[in-house]
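Below is one structure, written out as structure tokens; the observations come after it.
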Amino acid sequence: MRRALDLARRGLYSTSPNPAVGCVLVRWGQVVGAGFHERAGEPHAEIFALREAGAAAAGATAYVTLEPCSHEGRTPPCVDALIEARVARVVVAMRDPNPAVGGGGMLRLAQAGIPCSTGLLEAEAAEIDRGFIMRMLHGRPWVTLKLGASLDGRTALANGTSKWITSEQSRADVQRLRARACAVVTGSGTVLADDPMLTVRDSQYEMRGRRPLRVVLDTDLRTPVTAQVLCFARSALIMTRDDRSPLAQPLRAAGARIESVAVSDAGHLDLDAVVSRLGELECNEVLVEAGPTLAGEFMRSGLVDELVVYMAPVLLGNAARGLFNLPALERMCDRCEFDWHDVERIGDDLRLTLRPRQKAGT
């Protein structure tokens with residue numbers, strides 16, 4: 001199963017909106033076939049493993065990271081192929097959260113007389129397909145918020161200068177985060193201040209055709225038609241309060257898609273509506289790269305599933321801009337708390353990966 005998980009990870013940057021899945025067939029104590037799902041619309045992991053195994057698949061045990069599909073999608077059901085190949089047993093890491101499957105694959109196998117078991121290395125499998133699981137269960141993508149900061153928690157000088165706080169190695173590592181995401185989200189303030197491209201600029205991911213949707217949250221359509229985010233690769237999606245505004249037409253002419261989303265009582269775009277729409281667009285994972293205002297709004301919304309901070313060994317001083325614009329707290333019990341998920345040195349920096357701590361009763 002660990003080998004199947006390693007295979008599944010190879011599809012992390014190319015399978016969306018499908019999950020990343022690996023499969024290994026074992027017979028006579030030897031691996032006779034292995035495969036992984038690479039792209040939506042192409043054969044699933046089980047099919048590649050069965051093709052490699054050939055006649056040796058009969059009597060083999062199939063180790064699959066996600067329950068084999070039992071419904072007709074872009075490809076035929078994998079359970080039919082496993083039954084036809086006469087595998088002897090199927091071991092599944094986790095059940096498919098997709099309501100169209102939801103135990104149906106294992107039921108079909110059991111009805112065909114093929115014993116099934118589930119739960120082996122389930123947590124590892126769930127980590128690989130965290131975005132797919134989130135979308136299937138909650139209708140929204142997994143949201144990662146990425147920030148670069150100094151030791152004193154500053155993201156830019158008082159005049160807005162932020163290039164470059166972190167190291168070249170950290171900036172290269174961000175390409176991996178972008179490549180894993182189905183969409184990269186920023187705010188119009190960041191577009192105006194930094195004019196980012198938000199593209200994946202790493203050949204190992206570009207060769208897999210990874211081009212995340214670039215999303216700008218722009219309440220009042222302040223994005224210039226010359227913004228770099230409107231150029232390159234896939235066109236950008238601008239979410240705004242009114243897609244019929246006269247300001248929308250020049251942006252459409254520049255290649256942008258414009259969509260209206262609900263507005264909160266405070267006059268900002270409703271982030272729940274934003275992420276729900278991205279779920280409708282079949283985004284499994286979303287990476288947010290934004291300044292302290294939008295970062296603070298995402299944090300207050302409770303929509304951040306993972307926080308990644310690249311911390312550089314520098315000090316920028318009290319006048320520099322902070323990580324988040326958050327309201328002042330009067331009680332310590334109202335603070336935002338996190339659990340450490342991972343800490344790794346990247347060049348001269350530290351990459352800190354944290355996840356919100358669940359409070360008692362939530």
Side-chain angles (χ1 to χ4, degrees), residues 1-2 4-23 36-40 44-45 64-67 69 92-102 118-147 173-185 200 205 208 210 212-213 215 271-272 274-289 298-299 301-309 338-344 351-358 362:
M1 185 63 80
R2 291 197 184 280
L5 291 166
D6 287 341
L7 287 166
R9 292 184 185 97
R10 293 175 61 182
L12 270 176
Y13 307 98
S14 57
T15 61
S16 61
N18 288 358
V21 182
C23 177
F36 69 98
H37 180 47
E38 186 171 353
R39 290 184 179 84
H44 291 184
V64 192
T65 59
L66 188 69
E67 177 184 1
C69 63
V92 175
M94 64 172 289
R95 289 169 60 112
D96 193 331
N98 186 347
V101 181
T118 185
L120 180 62
L121 301 181
E122 182 175 9
E124 288 89 335
E127 182 66 27
I128 292 171
D129 284 318
R130 62 195 189 184
F132 180 75
I133 294 169
M134 181 69 75
R135 185 165 65 85
M136 289 296 107
L137 296 182
H138 304 289
R140 71 167 183 90
W142 173 280
V143 176
T144 296
L145 175 60
K146 185 277 295 182
L147 297 161
D173 192 63
V174 170
Q175 299 300 310
R176 176 185 57 83
L177 296 182
R178 288 183 184 176
R180 176 161 180 168
C182 302
V184 181
V185 176
V200 176
Y205 304 120
R208 304 184 200 187
R210 195 56 162 168
L213 175 66
V215 181
L271 295 183
D272 279 294
V274 167
V275 297
S276 293
R277 176 56 181 152
L278 293 175
E280 291 174 357
L281 293 174
E282 296 188 313
C283 292
N284 291 337
E285 295 196 28
V286 165
L287 177 66
V288 179
E289 298 188 42
F298 263 99
M299 195 59 66
S301 72
L303 293 169
V304 176
D305 300 298
E306 184 171 82
L307 177 63
V308 178
V309 180
F338 298 85
D339 290 318
W340 294 105
H341 183 70
D342 183 62
V343 177
E344 185 173 342
R351 185 184 66 209
L352 313 175
T353 305
L354 308 97
R355 294 184 178 175
R357 179 174 297 171
Q358 295 295 319
T362 62

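Along the sequence shown, residues are numbered consecutively beginning with 1. The figures here come from the full heavy-atom set of this structure, side chains too, leaving out hydrogens, waters and symmetry mates.
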What closest approach, in Å, do V308 and L177 show between heavy atoms, and which atom pair accounts for it?
CG1-CD1, 4.1 Å

Rounded to the nearest 0.5 Å, what's the gap from CZ on R180 to CH2 on W142? Could you check?
8.5 Å

Are V275 and V286 close enough, and set up right, to give a side-chain contact (heavy atoms from CB on, under 4.5 Å), and what steps lead you there?
CA-CA 9 Å; V275 297; V286 165; over 6 Å; no

Check L66, N18, V21, V64 against H44 for a side-chain contact (heavy atoms from CB on, under 4.5 Å) and give me the one that passes.
N18

Does the D339 side chain pair with the main chain of R355, one donor and one acceptor, at a distance under 3.5 Å?
no

Just to verify, what does R130 make a salt bridge (Lys or Arg N to Asp or Glu O under 4.0 Å) with, not counting sequence neighbours?
E127, E285, E306

Closest non-hydrogen atom pair, A8 against A20
O-CB, 3.3 Å

Test side-chain contact (heavy atoms from CB on, under 4.5 Å) applied to R176 and Y13, step by step
CA-CA 9 Å; R176 176 185 57 83; Y13 307 98; 3.5 Å; yes

Can you measure from CD (E289) to CZ (R178) and round to the nearest 0.5 angstrom?
4.0 Å

Spell out, as yes or no, whether a donor-acceptor pair under 3.5 Å connects the side chain of T65 to the backbone of A4.
no

Heavy-atom closest contact (P141 atom, L278 atom, distance):
CG-CB, 4.1 Å

With rounding to the nearest 0.5 angstrom, report the CZ to OG distance, R39 to S14.
5.5 Å

d(L120 CG, R2 CZ) to nearest 0.5 Å is 8.5 Å

For P17 against F132, the heavy-atom pair lying closest together:
O-CD1, 3.7 Å

Evaluate the side-chain contact (heavy atoms from CB on, under 4.5 Å) criterion for residues E67 and T118: first the C-alpha distance (whole Å), next the side-chain angles of each, then the deciding distance (0.1 Å), finally the verdict.
CA-CA 8 Å; E67 177 184 1; T118 185; over 6 Å; no

Taking only distance into account, with no hydrogens and no angle test, what donor-acceptor pairs under 3.5 Å do side-chain atoms of residues 93-100 form with protein atoms, sequence neighbours excluded?
from: R95; atom 1: NH2; to: G102; atom 2: O; distance (Å): 3.2
from: D96; atom 1: OD1; to: N98; atom 2: N; distance (Å): 2.8
from: N98; atom 1: OD1; to: A100; atom 2: N; distance (Å): 3.0

Apply side-chain hydrogen bond (donor to acceptor under 3.5 Å, both in side chains) to D305 and list each qualifying residue two or more places apart in sequence or on a separate chain.
R140

Over all heavy atoms of both residues, which pair between F338 and M299 is shortest? Give the atoms and the distance, please.
CZ-SD, 3.7 Å

Are side-chain heavy atoms of D342 and R351 found at a separation under 4.5 Å?
yes

Which value, rounded to the nearest 0.5 Å, describes the distance between L303 atom CG and D272 atom CG?
5.0 Å

Heavy-atom pair with the smallest gap, counting every atom of R135 and C283
CD-O, 3.5 Å

